[in-house]
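Here is the structure we will look at.
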Amino acid sequence: MFDREHDVVLMGGGLAGLTLALQLKQIDPALRILVLERRPHPVPVAAHKVGESSVEIGAFYFDTVLGLGDHLREHQLKKFGFRFFFSEGRHDIDGVLELGASRPLATPSYQIDRGIFENALGELARERGIGFVDGAIVRDFVLDENGGEHTVVFEHAGATHTLHSRWLIDAAGRAGLIKRKRGLAVGNAHDANAVWFRIADRIRIDDWSDDSAWRERCDPKARWLSTNHLVGRGYWAWLIPLSSGSHSVGIVCDAKLHPLEEMNTFDKAMDWIARHQPRLARELEDKRALLQDFAFFRRFSYGCRQNFSARRWALTGEAGVFLDPFYSPGSDFIAIANTYICELIAKDRRGEDFGPYAEVYEQYYQSFYESTLALYTDQYDLFGDPEVLPIKVIWDYTYYWGVLCQLFFQRRLTEVALLGRMRQELGRCKALNFAMQDFLRAWSTLSARDNPAAMLDQAALPWFAELNRGLRDDLDDAAFRTRLRETSALIVRLAADIVERATAMHPTLDASALRAVLAQQPAVASTHSLLFAAAA
């Protein structure tokens, strides 16, 4: 028999719901928390859920905020960063441009087998006194709009149960229970599709060439541990290794350039890969019998009108927003949403008026969503461009590490007064990012798309490696404000370098809109370019 009264009920016990439950229990051990998860546990390893690659915010959330570092190091794979190969139509992986780091950068991230991870999270939740009911189906719920308790009706083991909770959290993934009931779904302009499957074997991209010089580019010689992107016009394919010994393979496409109907079965996907990425097709052909699963999403990207409510309900994970897997932001947005939800519940527990904070956190969250969405919308056409995509990747990383990561790593996401004082710097960076994405798209229309057999080594950019290393610095308020001003200045300087590089290569390229935004930024001295010399 289940208790009828709870402080927090989470509808959904996947990655978002279980991590939120653990974070809540961490900040307030007295909370009565119940997690209702539809899938029976233990869930399958390898072929459980897509979304295996984590990046810096999500990794920091898992290993440091939640204290799960031992699990990540012992049961998951440490990721060798992102890596890009401009291998459209090519068999010779050593004959194309490679973008990535020759050595691991300082701040870690992980390749996560979701089945292994979520099984461990479920066990840990029970150990810490969280009610975790797997095989539970939410049949109905009623949100109390008058500040009272919410009601949830669920089915488990053939019996129906009714309970009440002060807070109700939707972590049910794309089912979006609260979103659907309240009509909160919001579309966006990013029309892209994805297919993916898991193979019960390693795909060791390091073995795709016998060329010793190519093999020696990376130390350690373990490109297979990267999230490898095989890119072409209008699409990218991912290769993500899993600690269970499987490999995740995905294709993500602009719907206009590569219709889903060309790849929505395994056989069709294999035919598509043979046309566009023949070296990968050759690797997969002998592994057909090792297929573990196959799935696809049509128009996977979406927003949400409201994620946090003063009426004591909230959405997290894919129940709220989902962007694009290109830079693996899924776990980042789980970390951010969960942090806001924890702070709202903590304020409520202390008897504080949390309603205004729910509104402010919503504004911040929507701003992060909009800024990140700009990295993908109408950008897929340039993904196969060896001239422009490397510059875009450096820009996008710099913006991410320089702004959003600073806020999260320094645990300043919820400090409204401090962020208010930094509003001008943050607003200028956001405006510059929007203008830069438009400029990159225009630049790519003029690109020669030359594809040299070379490597652009991110680790060889000292400022870039230092920006990554500095994420783990422990800063007080004054140092944090200084850091944000420094990273804002770095972003401005990088934008100026990009304009200079692009217009020198293409004198007819119209840079007026981006230059107008740059003119509104504080002047920044530039003595040398921040960009790859080999990218010219």
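Both backbone and side-chain heavy atoms feed into the values below; hydrogens, waters and symmetry mates do not. Please read these numbers as outputs of a predicted model, since none were measured by experiment.
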Give a yes or no on whether the ring-centroid distance for F326 and W238 is below 6.0 angstrom. no
R166 and H150, any side-chain heavy atoms less than 4.5 Å apart: no
For a side chain to side chain contact (heavy atoms under 4.5 Å, CB included) check, start with the C-alpha distance between V524 and L490, then their side-chain angles and the critical distance, and finish with the verdict. CA-CA 8 Å; V524 177; L490 176 66; over 6 Å; no
Mind checking whether V152 and L34 have side chains closer than 4.5 Å, heavy atoms only? no
Begin from the C-alpha positions of Q437 and L375 and carry the test side chain to side chain contact (heavy atoms under 4.5 Å, CB included) through to its verdict. CA-CA 7 Å; Q437 300 303 328; L375 308 183; 3.3 Å; yes
Evaluate H71 against F117 for ring pair (Phe, Tyr, Trp, His ring centres under 6.0 Å), listing each step before the verdict. CA-CA 8 Å; H71 170 88; F117 197 37; 5.3 Å; yes
Are F383 and H229 close enough that their ring centers fall under 6.0 Å? no
Judged by atom type as modelled, is there a donor-acceptor pair below 3.5 Å linking the side chain of K49 to the main-chain atoms of G115? no
Pair listing, side-chain hydrogen bond (donor to acceptor under 3.5 Å, both in side chains) test, anchored in residues 30-43, at least two apart: D7-R32
What do you reckon, is CZ of R423 surrounded by more than 12 foreign heavy atoms closer than 6.0 Å? no
Heavy-atom closest pair (S371 atom, N433 atom, distance to 0.1 Å) is O-ND2, 3.2 Å
Between R428 and Q520, do the side chains contain an N or O donor and an N or O acceptor separated by less than 3.5 Å? no
Which class fits the ring pair F368 and Y364: parallel under 30°, tilted 30 to 60°, perpendicular over 60°? parallel
Hey, do the aromatic rings of Y340 and Y357 have their centres closer than 6.0 Å? no
Please check if the number of heavy atoms outside K347 that lie under 6.0 Å from its NZ is greater than 12. yes
So S367 and K430, side chain to side chain donor-acceptor pair (under 3.5 Å) or not? Walk me through it. CA-CA 9 Å; S367 180; K430 182 178 178 180; 3.0 Å; yes
Donor + acceptor pair across side chains of Q366, E370 (<3.5 Å): no
In this structure, is the centre-to-centre distance between the rings of Y376 and W236 below 6.0 Å? no
Could you check whether any side-chain N or O of K25 sits under 3.5 Å from a backbone N or O of I130, counting only pairs where one atom can act as donor and the other as acceptor? no
Distance flag, aromatic centroids of Y302 and H190, threshold under 6.0 Å: no
Step by step, work out the side chain to side chain contact (heavy atoms under 4.5 Å, CB included) result for V153 and V138. CA-CA 6 Å; V153 179; V138 175; over 6 Å; no
Could you point out which residue of Y365, Y327, F408, Y369 forms a ring pair (Phe, Tyr, Trp, His ring centres under 6.0 Å) with F333? Y365
So, for S488 and E425, which heavy atoms are closest and what is the spacing to 0.1 Å? OG-CB, 3.9 Å
Could D477 and R412 be called an ion pair, given the rule that one side-chain N must be under 4.0 Å from one carboxylate O? yes
Centre of F480's six-membered ring, under 6.0 Å away, within 45 degrees of the axis: is that where NZ or CZ of R411 sits? no
Straight-line distance of H156 NE2 to T160 OG1, nearest 0.5 Å: 12.0 Å
Heavy-atom pair of closest approach, residues V360 and V416: CG1-CG2, 4.0 Å
Flag the pair S243 / Q111 as yes when at least one side-chain heavy-atom distance between them is below 4.5 Å, and no otherwise. no
Is a donor on one side and an acceptor on the other found under 3.5 Å between the side chain of N468 and the backbone of T107? yes
Within 45 degrees of the ring normal and closer than 6.0 Å to the centroid, is that where the cationic atom of R139 sits relative to F154? no
So which heavy atom on R472 is nearest to which on P108, and how close? NE-CD, 3.7 Å
Passes side chain to side chain contact (heavy atoms under 4.5 Å, CB included), Q458 versus F82? Steps please. CA-CA 10 Å; Q458 295 166 332; F82 283 132; 5.8 Å; no
A side-chain contact here means heavy atoms from C-beta on lying under 4.5 Å apart; do N338 and Y61 qualify? yes
Using side-chain heavy atoms (C-beta onward) and a distance below 4.5 Å, is Q306 in contact with K179? no
Evaluate the side-chain proximity of F296 to I251: yes if any heavy-atom separation is below 4.5 Å, no if none is. no
With a 4.5 Å cut-off on side-chain heavy atoms, are F60 and V55 touching? no
Just by modelled atom types, is the A171 backbone N or O under 3.5 Å from a matching donor or acceptor in the T316 side chain? no
Is the count of non-hydrogen atoms from other residues, nucleotides or ligands lying under 6.0 Å from D474 atom CG greater than 12? no
To the nearest 0.5 Å, tell me how far L404 CG sits from F409 CZ. 10.0 Å
To check you understand the geometry: which heavy-atom pair defines the closest contact between R305 and G183, and what is its length? NH1-O, 2.6 Å
How long is the gap from CZ on R312 to CD1 on I345, to the nearest 0.5 Å? 10.5 Å
When you measure from the side chain of T487 to the backbone N and O of L484, does any donor-acceptor pair fall under 3.5 Å? yes
Under a 3.5 Å distance rule, please check whether S165 uses its side chain to pair with a backbone N or O of V9 as donor and acceptor. yes
Using atom types as modelled and distance alone, determine if a side-chain donor or acceptor of D353 lies under 3.5 Å from a backbone N or O of G355. yes
For T162, does its backbone N or O pair with a side-chain atom of R4 as donor and acceptor, under 3.5 Å? yes
Check: S53/K79 side-chain N/O donor and acceptor closer than 3.5 Å: yes
Measure from the side-chain N and O atoms of Q76 to the backbone N and O of D113, and report whether any donor-acceptor pair falls under 3.5 Å. yes
Distance-minimising heavy-atom pair for L467 and Q406: CD1-NE2, 4.3 Å
For the pair E415 and R421, find out whether any cationic side-chain nitrogen is under 4.0 Å from an anionic carboxylate oxygen. no
Are side-chain heavy atoms of M436 and L514 found at a separation under 4.5 Å? yes
Check: R481 side chain, M422 main-chain N or O, donor-acceptor pair, under 3.5 Å: no
Compute the centroid of each ring, for Y361 and then for F308, and state whether the two points are separated by less than 6.0 Å. no
Quick one: is the NZ or CZ of R299 closer than 6.0 Å to the six-membered ring centre of F297, and within 45° of its axis? no
Interatomic distance, CD1@I391 vs CG@L530, rounded to 0.5 Å, equals 10.5 Å
What about Y397 and F464, are their ring centers closer than 6.0 Å? yes
Is any NZ, NE, NH1 or NH2 atom of the basic residue among D70 and R73 found under 4.0 Å from an Asp or Glu carboxylate oxygen of the other? yes
From the list D170, L177, I169, I341, side chain to side chain contact (heavy atoms under 4.5 Å, CB included) partner of L315 resolves to D170
Tell me whether R350 is salt-bridged to D28, with the criterion being a basic N under 4.0 Å from an acidic carboxylate O. no
